[in-house]
S.K.: 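Handing you a structure now.
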Amino acid sequence: MLEVKGLASYSPLGHLNEFRKDPIYFLSELYRNHDTIVSFRFAHRKMNLLLEPDLIKEVLVTKQYSFHKSKPFQEMKTLLGEGLLTSEDEVHMRQRRLIQPSFTKQHIQSYAKDMTLLTEEFICSWKDGEERLISRDMMELTLAIIAKTMFSMDLSQGHDRVGKHFDIIMEIATKRIRSVLKAPLKLNTPKNKSLSEAIKAIDKVLYEMIEKRNSSETKEDLLGLLMQARDEESNEGMTNQQLRDEAMTIFLAGHETTANALSWCLYLLSQHPDKAKLLYEEVDRVLGKKRADYQSMKDLIYTQQIIWESLRLYPPAWLISRKAIEDVSIGDFRIQKGETVMMSSYIMQRSERYFSHAEEFLPERFKNGKVEGVPEYAYFPFGGGPRVCIGNHFAIMEATLVLATVVQHYTIALAPNHHKLETEPLITLRPKDGLRMIVKKRK
Ligand code: HEM
């Protein structure tokens, strides 16, 4: 068994400051200069960056029982409680079994209509020729879609009640995850106060939704399914707290990622008019004036290739990490209990080792979500194994229908004098300082 080769550092914080300054640059440089695996330190914590698809597969699939989610997810528990994203072992398995039926390919077909209708409703308020903060628009739209499809909630008027609080939470949570010294949440600092107020505001909406449902007829959405679920042994249902944790998780995991994916898609299209032309041709041919629905998905092939390729260049969940809960070997290497392993889809998916013309936007390279000849786990925008994104089919369908509906009605171009668009790798990969675009009605 081999020791993982480590980077030297004489700072008590190890490489934390370098990582914090520019995480993508830091990890890319490691990838450029090492094969297989390399380690570094965040203060006393040993981090191992996996640089080969086979090793990633071992952590996510074959040896997944030797790992738990790592520190950032523990931090997220303050917000998400014991929801699907943060729970472990039996609790996770039980919740996953319960929630899975709402996300099967068959089940999500029924959401297509609402996805398109909500998009049409949303974009019909856009004025011809105006500049829009598209990154914000996509957040609002995907939040409304999650609310309607999963919880039968109409957020079209009340986005402010929820959306702005999610923004505050994501901003403060990211800062907490990145910092070494942070004030305990119990301390009454201004940041802690804002965080707890934002959580309280969302909790109010979620508990109201649960209470209302307790006293009304059952609905066939995710909330209905969770409320009907009974524990196999005790036959007990989920408590309001458990329902709230799952709802909070789905709200957060299900809107921010897809919104970022759509923003990056629109940005890439604005930079590649030749690809945009092919997209417009496909949408006009397949949809004409008709509304996009589940049936149109099978013909919106180029639209989907654009989404898969955008997810390759700008994967919203750009970094996944795990903590070893026992000593374990990964490939020929020893990982000790307590160490962290990191896997970056952003780094792997831009590698010339696996993708030819890796930095270029070439949607044509994808067929059914795969690129021929590329090893499994060189492309993994949705993770993998038992903790693979539960919303992956939902997200692809949503992104396809939203993108097709937007370009059916508007042309979209980057706003003049736009700042040089850079990535902001927080918990998700956002366009730094937002994405502004000019929207023009198509005649
Ligand atoms: C383009 C959009 C999306 C991307 C790129 C994405 C990516 C991911 C990734 C990489 C993971 C695995 C994280 C890990 O292993 O640590 C994950 C997990 C998860 N995602 Fe997504 N996601 C997207 C959309 C969605 C949607 C639409 C939903 C719900 C409606 C959703 C719900 C979840 C949940 C609940 C988990 C945790 C699953 C578990 O641990 O069992 N995601 N997502």
Side-chain angles (χ1 to χ4, degrees), residues 56-57 59-61 64 67-74 76 80-89 91-100 102-104 107-108 111 114-115 138-139 141-151 221-223 226 245-265 304 306-323 340-346 348-349 369 377 379-403 427-430:
I56 293 174
K57 185 173 178 183
V59 172
L60 293 181
V61 188
Q64 44 111 357
F67 296 92
H68 274 176
K69 292 265 172 132
S70 60
K71 206 166 166 259
F73 281 97
Q74 307 306 328
M76 292 295 275
L80 301 174
E82 283 286 322
L84 198 57
L85 207 54
T86 46
S87 56
E88 299 286 356
D89 306 324
V91 180
H92 172 260
M93 265 154 62
R94 175 175 174 269
Q95 294 305 94
R96 180 103 191 181
R97 260 201 317 274
L98 278 178
I99 296 176
Q100 194 79 53
S102 292
F103 287 97
T104 57
H107 200 94
I108 59 167
Y111 307 140
D114 280 330
M115 288 173 174
M138 292 301 118
M139 288 281 182
L141 176 57
T142 54
L143 190 64
I145 290 177
I146 277 292
K148 182 79 182 48
T149 54
M150 300 280 112
F151 305 106
D221 58 4
L222 177 66
L223 184 61
L226 293 176
D245 289 354
E246 290 306 349
M248 184 73 118
T249 301
I250 295 293
F251 259 117
L252 197 73
H255 90 281
E256 158 102 22
T257 39
T258 320
N260 286 323
L262 278 160
S263 289
W264 288 117
C265 248
Q304 290 181 58
I306 286 177
I307 289 157
W308 289 115
E309 178 71 341
S310 303
L311 287 172
R312 184 183 72 81
L313 287 170
Y314 295 102
W318 66 283
L319 184 66
I320 301 181
S321 50
R322 296 286 189 270
K323 183 172 161 183
T340 299
V341 289
M342 286 180 164
M343 298 149 276
S344 171
S345 46
Y346 185 96
M348 300 299 285
Q349 293 173 185
Y377 293 98
Y379 181 72
F380 57 108
F382 292 107
R387 300 208 74 140
V388 69
C389 174
I390 201 165
N392 54 0
H393 302 305
F394 181 104
I396 293 295
M397 183 169 89
E398 178 183 9
T400 309
L401 295 174
V402 171
L403 183 61
I427 297 170
T428 58
L429 192 68
R430 289 184 176 192

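Whatever order the structure lists them in is the order used to number ligands and atoms, beginning at 1. No hydrogens, no waters, no symmetry mates; every other heavy atom, side chains included, goes into these values.
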S.K.: Can any side-chain N or O of E256 pair as donor or acceptor with the backbone N or O of M139 at less than 3.5 Å?
M.R.: no
S.K.: Is there a donor-acceptor pair closer than 3.5 Å between any side-chain N or O of S345 and the backbone N or O of R312?
M.R.: no
S.K.: What residue and atom, counting heavy atoms only, is the protein's closest point to atom 12 (C) of ligand 1, and at what distance?
M.R.: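 Its nearest protein heavy-atom neighbour is R387 O, 3.6 Å.
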S.K.: Given C389, A259, P315, which has its nearest heavy atom closest to atom 17 (C) of ligand 1?
M.R.: C389
S.K.: M150: heavy atom below 4.0 Å from ligand 1, yes or no?
M.R.: no
S.K.: Return the residue, atom name and 0.1 Å-rounded distance of the protein heavy atom closest to atom 15 (O) of ligand 1.
M.R.: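 Here the nearest protein heavy atom works out to R322 NH2, 2.7 Å.
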S.K.: Find out whether K148 and Y111 are in side-chain contact, i.e. whether some heavy atom of one side chain is under 4.5 Å from a heavy atom of the other.
M.R.: no
S.K.: Once you restrict to heavy atoms under 4.0 Å, what part of F394 touches ligand 1? Side chain, backbone, both or neither.
M.R.: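 Near ligand 1, F394 shows its side chain, while the N, CA, C and O stay back.
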S.K.: Please write down residue, atom name and distance for the protein heavy atom closest to atom 13 (C) of ligand 1.
M.R.: K69 NZ, 4.0 Å
S.K.: Would you say Y377 and V59 make side-chain contact, with heavy atoms under 4.5 Å?
M.R.: no
S.K.: For ligand 1, which atoms sit closer than 4.0 Å to a heavy atom of A317?
M.R.: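 Counting atoms of ligand 1 from 1, those under 4.0 Å from A317 are 7 (C), 10 (C).
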S.K.: Which heavy atom of T428 sits nearest a heavy atom of W318, and at what distance?
M.R.: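 In this case the closest contact between T428 and W318 is C-CD1, 4.1 Å.
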S.K.: Flag the pair L84 / H92 as yes when at least one side-chain heavy-atom distance between them is below 4.5 Å, and no otherwise.
M.R.: yes
S.K.: Using a strict cut-off of 4.0 Å, indicate which atoms of ligand 1 neighbour a heavy atom of P381.
M.R.: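 Answer for ligand 1: 5 (C), 7 (C), 10 (C).
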S.K.: Just need the protein heavy atom nearest to atom 6 (C) of ligand 1, so name the residue and atom and give the distance.
M.R.: F382 CD2, 3.6 Å
S.K.: Would you say T142 and V402 make side-chain contact, with heavy atoms under 4.5 Å?
M.R.: no
S.K.: Do the side chains of H68 and R322 get nearer than 4.5 Å, heavy atoms only?
M.R.: no
S.K.: If you define the side chain from C-beta out and look only at heavy atoms, does anything of Q100 sit under 4.5 Å from I390?
M.R.: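 Side-chain contact under 4.5 Å: yes.
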S.K.: For atom 37 (C) of ligand 1, grab the closest protein heavy atom and report residue, atom and distance to one decimal in Å.
M.R.: L85 CD1, 3.2 Å
S.K.: Does any N/O atom on T258 come nearer than 3.5 Å to any N/O atom on ligand 1?
M.R.: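 For ligand 1, there is no N or O atom that lies under 3.5 Å from one belonging to T258.
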S.K.: For ligand 1, which is the ligand I care about here, please tell me if S321 has any N or O atom under 3.5 Å from one of the ligand's N or O atoms.
M.R.: no
S.K.: To check you understand the geometry: which heavy-atom pair defines the closest contact between R96 and V388, and what is its length?
M.R.: NH1-O, 2.7 Å
S.K.: To the nearest 0.1 Å, how far is atom 23 (C) of ligand 1 from its closest protein heavy atom, and which atom is that?
M.R.: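 Checked against all protein heavy atoms, atom 23 (C) of ligand 1 sits closest to T257 OG1, 3.3 Å.
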S.K.: Considering only heavy atoms of I146, which atoms of ligand 1 have at least one such atom less than 4.0 Å away?
M.R.: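 In order of number, 30 (C).
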S.K.: Checking a contact table here: which protein heavy atom is nearest atom 26 (C) of ligand 1, and how many Å away?
M.R.: G254 CA, 3.5 Å
S.K.: Do K69 and M76 come close enough that some side-chain heavy atom pair is under 4.5 Å?
M.R.: no
S.K.: Is the shortest distance from a heavy atom of H92 to ligand 1 less than 4.0 Å?
M.R.: yes
S.K.: Taking a cutoff of less than 4.0 Å between a non-hydrogen atom of the residue and any ligand atom, is H255 in contact with ligand 1?
M.R.: no
S.K.: Using a 4.0 Å heavy-atom cut-off, which part of N392 comes near ligand 1: side chain, backbone, both, or neither?
M.R.: neither
S.K.: State if F103 counts as touching ligand 1 under the rule of any non-hydrogen atom under 4.0 Å.
M.R.: yes
S.K.: Quick check: do F382 and I396 have side-chain heavy atoms less than 4.5 Å from each other?
M.R.: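 Touching, per the 4.5 Å side-chain cut-off.
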S.K.: Considering both backbone and side-chain atoms of R96, is one of its nitrogen or oxygen atoms within less than 3.5 Å of a nitrogen or oxygen in ligand 1?
M.R.: yes
S.K.: Around atom 33 (C) of ligand 1, find the nearest protein heavy atom and jot down its residue, atom name and distance.
M.R.: A253 CB, 3.7 Å
S.K.: For the side chain to side chain contact (heavy atoms under 4.5 Å, CB included) test, which of S263, C265, P315 pairs with S310?
M.R.: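 Result for side chain to side chain contact (heavy atoms under 4.5 Å, CB included) with S310: C265.
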